[in-house]
2 protein chains.
Amino acid sequence: MGRWEPGALGRMQQAAFELYAERGFEQTTVADIAERAGLTERTFFRHFADKREVLFFGSESLVDLFTTTIIDAPADATPLQAITAALEAAGPLFDERRAGAVLRQSIISANTPLMERELMKMAKLTTAVAAALRTRGLGELAASVTADLCVGIFTISFQRWILPSNPQAFGDHVHQALAELAAITAAP
Amino acid sequence: MGRWEPGALGRMQQAAFELYAERGFEQTTVADIAERAGLTERTFFRHFADKREVLFFGSESLVDLFTTTIIDAPADATPLQAITAALEAAGPLFDERRAGAVLRQSIISANTPLMERELMKMAKLTTAVAAALRTRGLGELAASVTADLCVGIFTISFQRWILPSNPQAFGDHVHQALAELAAITAAP
DNA sequence: ACACCAATGTCAGCCACTGTCATCATGTAG
DNA sequence: CTACATGATGACAGTGGCTGACATTGGTGT
């Protein structure tokens with residue numbers, strides 16, 4: 001399916017990852033990435049929408065995991081139970097690739113443009129979760145609030161899971177955050 | 001305090017606003033904005049960090065309102081009550097400038113880069129709210145979760161307040177969202 | 001009068017990103 | 001076996017966001 005060395009996309013992904021980690025995101029030009037991958041700048045933009053997107057390639061799988069888990073949750077599960085199931089399902093996915101996640105996140109949090117892109121992905125995740133919840137018969141407002149809760153808990157859990165001082169499983173952080181949520185919203 | 005026409009920043013802000021509304025964000029160059037304001041492209045970048053920031057100038061006031069309201073809340077108020085006070089305090093600020101807010105939001109939601117910047121502002125708001133809650137003696141995790149709740153409720157309320165089909169006060173939307181939150185998190 | 005200052009102008013340049021056309025190995029039809 | 005269609009890549013020119021360096025200018029303080 002091509003006469004050139006296969007895996008052009010993967011090579012550029014790895015080259016970008018390395019260069020961003022070595023000298024930083026801003027200090028890396030797209031031409032640098034393409035050169036290390038043995039390709040052209042133009043080819044880079046045929047595979048990735050922009051210089052940032054290369055770091056987020058494959059993040060749709062998380063969206064899929066969340067939505068399918070929510071949709072497949074028992075019909076009698078409450079909205080909170082449905083998103084809890086989704087958050088728990090994501091646990092192993094993260095625990096398996098902790099090292100990579102830490103490196104990736106250190107690159108992202110060091111650069112504002114990358115943070116902006118990450119926030120956009122989270123916003124899309126929220127929309128997708130809300131849509132999944134609506135398929136369970138939830139109203140629009142309830143779905144929005146629950147979806148925001150879900151992604152909020154996810155984000156907070158992830159931030160704490162990344163810290164070297166908290167070497168716990170991702171699921172543990174999720175349960176701690178959920179417990180806090182329950183405490184905060186408990187009627188006084 | 002200057003020999004040139006005063007209010008350079010305001011003129012560029014208005015010019016940008018008009019042009020973004022007339023022909024769209026992408027179709028407007030910074031040179032266009034500067035020309036309409038009677039200034040130079042270079043001067044634009046002396047006042048605004050980038051082409052997007054001109055639409056977000058002055059958004060620190062919302063952060064201030066939230067943080068001060070939370071810090072000044074009664075010492076015996078629960079975290080939920082503190083953020084409720086902040087959300088209620090923001091009501092009048094929005095109801096007064098509904099038309100402008102609608103136009104601004106229509107520009108922002110039409111362009112991905114602008115959405116990304118807006119999400120970044122919301123993330124910073126979340127951080128600020130969490131810091132304010134921590135001054136009330138709240139733990140880190142509880143502060144993070146509550147802050148996320150606060151900005152989440154705010155975002156959802158704002159989205160619904162903007163819709164032409166829901167001509168209610170901002171505070172009403174806040175209370176509806178808070179009621180949903182209570183229903184969702186109520187122990188079964 | 002003089003030096004100083006703060007906001008703007010001018011100019012050159014980098015780099016992200018795009019449109020367009022040429023190129024070339026592979027698969028397939030003839 | 002040849003010819004052509006195909007899809008990925010190369011080559012090249014161009015736009016526009018953004019920055020650095022230096023000059024300009026009119027008001028301010030001494």
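Throughout, protein chains are lettered first and strands after them, A, B, ... in sequence-line order, and every chain is numbered starting at 1.
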Self-check item: Separation of C:dC14 C1' from A:Asp32 CG (nearest whole Å)
Solution: 12 Å

Quiz item: Can you tell me if the side-chain N/O atoms of A:Thr43 get under 4.0 Å from OP1 or OP2 in D:dG10?
Solution: yes

Quiz item: Tell me: CZ of A:Arg46 to P of D:dT6, nearest whole Å?
Solution: 18 Å

Quiz item: What about B:Phe154 and B:Phe94, are their ring centers closer than 6.0 Å?
Solution: yes

Quiz prompt | Atom-to-atom span, CG of A:Leu19 to P of C:dC15 - whole angstrom | solution = 14 Å

Quiz prompt | Nucleotide C:dA7, atom C1' - distance to CE of B:Met12 in whole Å | solution = 11 Å

Quiz item: Do B:Glu116 and A:Lys121 pass the salt bridge (charged side-chain N to carboxylate O under 4.0 Å, His left out) test, and can you show the C-alpha distance, the side-chain angles, and the key distance before you say yes or no?
Solution: CA-CA 9 Å; B:Glu116 291 186 342; A:Lys121 299 286 183 186; over 6 Å; no

Practice problem: Would you mind building the protein contact string for nucleotides 13-18 of chain D? One character per nucleotide, 5' to 3', B for base within reach (heavy atoms under 4.0 Å), S for sugar-phosphate only, - for untouched. | Solution: ----SB

Quiz prompt | Under 4.0 angstrom between A:His47 side-chain N/O and D:dT9 OP1 or OP2 | solution = yes

Self-check item: Donor-acceptor side-chain pairing of A:Ser61 and A:Asp64 below 3.5 angstrom
Solution: no

What side-chain donor-acceptor pairs closer than 3.5 Å can you find for residues 168-175 of chain B, not counting sequence neighbours?
from	atom 1	to	atom 2	distance (Å)
B:Gln168	OE1	B:Gln176	NE2	2.7
B:His173	NE2	B:Asn166	O	3.4
B:His175	ND1	B:Gly171	O	3.1
B:His175	NE2	B:Glu88	OE2	2.7

Quiz item: Where do B:Ile108 and B:Glu118 come nearest, in terms of heavy atoms and distance?
Solution: CD1-OE1, 3.6 Å

Self-check item: Nucleotide D:dT9, atom P - distance to CD1 of A:Ile33 in whole Å
Solution: 16 Å

Practice problem: Find the distance B:Glu35:CD to C:dT8:C1' and express it as a whole number of Å. | Solution: 17 Å

Quiz item: When the distance from CZ of A:Arg23 to C1' of C:dC15 is rounded to whole Å, what number comes out?
Solution: 14 Å

Quiz item: To the nearest angstrom, how far is A:Leu39 atom CG from D:dA11 atom P?
Solution: 11 Å

Quiz item: If every non-hydrogen atom of A:Ala123 is compared with every non-hydrogen atom of B:Leu119, which pair is closest and at what distance?
Solution: CB-CD1, 3.8 Å

